[in-house]
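One structure is given here, and the rest of the page talks about it.
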Amino acid sequence: MYTINIIEYYLEIAFTWFSQYITYLYDKFMEFPFIIKVAALSVTASVILIMITTARIIWKGWKDYRWAKLEKQLDKKYGDGIRHVLSPEASPKMSRQDVLDALDIDNPDRRRNDLPKKYKEKLALSRLIYRCRISDEASLGRRRNLHILLDIFELQAFLEDIVNKGRMSLKAEALHMLRAFKLPINQWISNQLRNSKRLRVKRLAMYASIMTGSNSDMEYFETEFFDRNCCIYDEIQLGYVLQRRVAMNRKIPNLAQLALHQRVASTQAVFVRLMHQFEQEENCGELVELFQQTHDKKLRQEICRTWGYLKYRESEEMLQDVILSQPDDVKISIMHALTRMNTGKSLEVLTDGFKNNGDPLVKYEALRCLYSYGTAGRARFHELELKANDGERRLFEFFKNDITRDETELSQEEVYNAKGMENLYSIE
């Protein structure tokens, strides 16, 4: 109550000064033309805004300086120990006493006094541990050490309290750190934050719920909110939580069905790519209608790639029939898919891809596919080489370069994409 009275008092003083100043301006410029009065008021308003902006800049600079000073102090005190505990050189199963020794908190009588207690200190320490956790020098496999570290400083309860009661700007940061530390998140808190007006908080809370919740939580991906706001961030988060569900032996949804529920082609492509990552070959047939109906060539490319990687051979005949009517980019994706299926039935289609296309890129990709299409494809490759004209011979000469051929082999590309997916959605 006392604080409210103080605020009211200072607001009343500020309003009084402002009223007196406006009255002074009015009396001073009473006899001047109207345009002069407007100019005077505009200059006054500009000066006030400049003063307010300058004060805010100074205040923010002071706050940033104090935060930097506090973080520097904590880093000097605990930084080396934290980095050692999380580093690959440390034992993956350090005891609590070992972690205390690394932090130089070895006196039982002084432990309570040594540990940070204030709100700002704990927040700064959480950020310090987070930065050490995601640094290149840290070992992501030292999860046990990390949890002991957080328990010593009592940071799990602190971060959960921020998520529950803190400002919206800090809720997302605390929720993000909890997930980065692989800590369980209270389901009730997640459900409350799913209704947040702040987009980032709502997203993080939703993914936290999906990670440990039931299959019904997947209905989030059927909402207009997700379809309208989906981006690469969502793809990474979705892949991450699905990986966690797999690691916990939880069922993951039919990604083809989720793709069909979306209205935006780029969002549909996200789920189609994930089908390859999670090897949902049994659901590939559900994408046939989507491939036939969509006019988005990038989505068609993704569907072809997924069919190729998962070797969905039931689509081979359809791809052979439609390849001639597709844009060049889609033609290339279809040829790659047919090559990965490698049934021996698409040799003539790949040959036509080389003979009946004027685009050098399409012709070159057809050569790549023929070269990787088993013994028959390799024989056709050499046959075409003998009959090549001067323009086509340059493509063969470029392809036959040892370095180029090794880098452009389709099998190499498949391994590269698989590793890229694993790194993108890695849970470790």
Side-chain angles (χ1 to χ4, degrees), residues 59-108 110-186 189 200-201 204-205 208 233 236-237 240 426-428:
W59 175 246
K60 188 177 185 308
W62 173 246
K63 285 179 65 178
D64 291 345
Y65 167 75
R66 292 182 63 186
W67 272 110
K69 184 178 179 180
L70 177 60
E71 290 179 356
K72 186 176 180 179
Q73 291 174 349
L74 291 171
D75 185 80
K76 184 178 180 180
K77 190 173 184 180
Y78 301 112
D80 292 339
I82 292 172
R83 281 185 280 272
H84 170 72
V85 168
L86 299 178
S87 68
E89 290 76 18
S91 169
K93 295 183 179 180
M94 294 179 70
S95 66
R96 185 182 180 87
Q97 185 59 49
D98 292 337
V99 177
L100 287 170
D101 292 340
L103 296 172
D104 199 21
I105 310 176
D106 53 356
N107 188 340
R110 294 183 55 201
R111 285 177 189 170
R112 185 174 295 277
N113 296 327
D114 284 347
L115 299 180
K117 297 183 182 64
K118 296 180 181 179
Y119 176 90
K120 290 184 178 179
E121 290 179 340
K122 286 197 170 187
L123 183 58
L125 190 59
S126 300
R127 290 171 175 170
L128 173 61
I129 294 176
Y130 173 74
R131 287 196 296 270
C132 293
R133 165 70 174 173
I134 63 174
S135 68
D136 293 336
E137 294 79 15
S139 170
L140 298 182
R142 302 296 188 270
R143 188 183 305 179
R144 171 186 167 86
N145 298 355
L146 172 65
H147 288 179
I148 293 176
L149 193 64
L150 296 173
D151 182 62
I152 289 173
F153 293 112
E154 300 177 347
L155 293 182
Q156 180 176 353
F158 170 73
L159 292 173
E160 287 179 347
D161 191 56
I162 292 180
V163 172
N164 193 18
K165 302 176 183 177
R167 300 193 312 272
M168 279 296 176
S169 58
L170 290 176
K171 283 181 184 288
E173 182 181 7
L175 193 60
H176 189 71
M177 285 193 284
L178 282 171
R179 294 188 65 243
F181 296 154
K182 305 290 191 302
L183 293 172
I185 299 170
N186 186 291
I189 294 176
R200 188 181 175 209
V201 174
L204 279 170
Y233 172 85
I236 295 172
Q237 290 289 342
Y240 176 82
S426 176
I427 63 174
E428 291 299 331

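As the structure is a prediction and not an experimental result, all values here were calculated from the model. The figures here come from the full heavy-atom set of this structure, side chains too, leaving out hydrogens, waters and symmetry mates.
Considering all non-hydrogen atoms of both residues, Lys120 and Leu70 come closest at O-CD2, 3.6 Å. Residues Leu103 and Tyr78 share a closest heavy-atom pair of CD2-O, 4.0 Å.
Atom CG of Asp161 is separated from atom CD of Glu154 by 12.5 Å, given to the nearest 0.5 angstrom. One finds the CG atom of Leu123 at 11.5 Å from the CG atom of Leu128 (value rounded to the nearest 0.5 Å). In this structure, NZ on Lys122 lies 6.5 Å from CG on Leu155, to the nearest 0.5 angstrom. How far CG of Leu150 is from CD1 of Ile129: 5.0 Å, rounded to the nearest 0.5 Å.
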task = Report the C-alpha distance between Gln156 and Asp151 in whole Å, list the side-chain angles of each, state the deciding distance to 0.1 Å, and finish with yes or no for side-chain contact (heavy atoms from CB on, under 4.5 Å).
result = CA-CA 7 Å; Gln156 180 176 353; Asp151 182 62; over 6 Å; no
task = Verify side-chain contact (heavy atoms from CB on, under 4.5 Å) between Tyr119 and Ile162, making sure each step is shown before the conclusion.
result = CA-CA 10 Å; Tyr119 176 90; Ile162 292 180; 4.0 Å; yes
key: Gln73/Glu121 under side-chain contact (heavy atoms from CB on, under 4.5 Å): CA gap, chis, key distance, verdict   = CA-CA 10 Å; Gln73 291 174 349; Glu121 290 179 340; over 6 Å; no
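For residues 63-72, the pairs satisfying side chain to side chain donor-acceptor pair (under 3.5 Å) are Lys60-Asp64, with sequence neighbours left out.
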Tell me which donor-acceptor pairs under 3.5 Å the side chains of residues 79-95 have, and how far apart each pair is, sequence neighbours excluded?
residue, atom, partner, partner atom, Å
Asp80, OD1, Arg83, NH2, 3.4
Arg83, NH1, Asp75, OD1, 3.1
Arg83, NH2, Asp75, OD1, 3.4
Ser87, OG, His84, O, 2.7
Ser87, OG, Glu89, OE1, 3.3
Ser91, OG, Lys93, N, 3.3
Ser95, OG, Asp98, N, 3.2
Ser95, OG, Asp98, OD2, 3.0

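With sequence neighbours excluded, the residues that form a side chain to side chain donor-acceptor pair (under 3.5 Å) with Arg127 are Glu173.
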